[in-house]
Amino acid sequence: MDEAVAFIATTTASLARMARRHQLGMLDYLLRMAHLEAEEHARLRNGRKPS
């Protein structure tokens, strides 16, 4: 599962950058939210508190 979360975090960050470059505001926003969710999940799985 950790590999899946890392892949999702990396992929959504890349896709959000692409959406931003193409001025796709809503997609950028949604992808950034998915990226933050994946990072948060990874932090919690690693036993760290969110900052």
Side-chain angles (χ1 to χ4, degrees):
M1 183 185 305
D2 291 338
E3 289 177 19
V5 170
F7 175 77
I8 291 167
T10 301
T11 304
T12 53
S14 296
L15 289 170
R17 281 191 300 275
M18 185 184 302
R20 210 166 21 257
R21 276 195 307 270
H22 292 278
Q23 299 176 351
L24 300 168
M26 183 56 74
L27 279 175
D28 174 32
Y29 173 78
L30 293 171
L31 289 162
R32 285 186 292 131
M33 292 303 106
H35 174 74
L36 290 173
E37 182 69 22
E39 284 189 330
E40 180 70 9
H41 185 77
R43 268 194 296 278
L44 292 174
R45 295 259 311 158
N46 289 329
R48 289 183 270 154
K49 300 260 186 220
S51 50

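Partners of A38 under the side-chain contact (heavy atoms from CB on, under 4.5 Å) rule, at least two apart in sequence or in another chain, are V5, I8, A9. Residues forming a side-chain contact (heavy atoms from CB on, under 4.5 Å) with A16 (at least two apart in sequence, or on another chain): R20, D28, L31, R32. For L24, the side-chain contact (heavy atoms from CB on, under 4.5 Å) partners are A19, H22, L27, not counting sequence neighbours. T11 meets the side-chain contact (heavy atoms from CB on, under 4.5 Å) test with F7, L15; sequence neighbours excluded.
Criterion: ILVMFWY side-chain heavy atoms under 4.5 Å apart, direct or through other members. Under it, L36 and M1 are not part of a common hydrophobic cluster.
Side-chain polar atoms of E39 and H35 form a donor-acceptor pair below 3.5 angstrom.
Pairs of residues two or more places apart, or lying in two chains, that qualify as salt bridge (charged side-chain N to carboxylate O under 4.0 Å, His left out) and include a residue from residues 2-16 are D2-R45.
In the hydrophobic clustering (ILVMFWY side chains linked at under 4.5 Å, chained through shared members), M18 stands by itself.
Taking 4.5 Å as the limit, some side-chain heavy atom of R17 sits within range of a side-chain heavy atom of R21.
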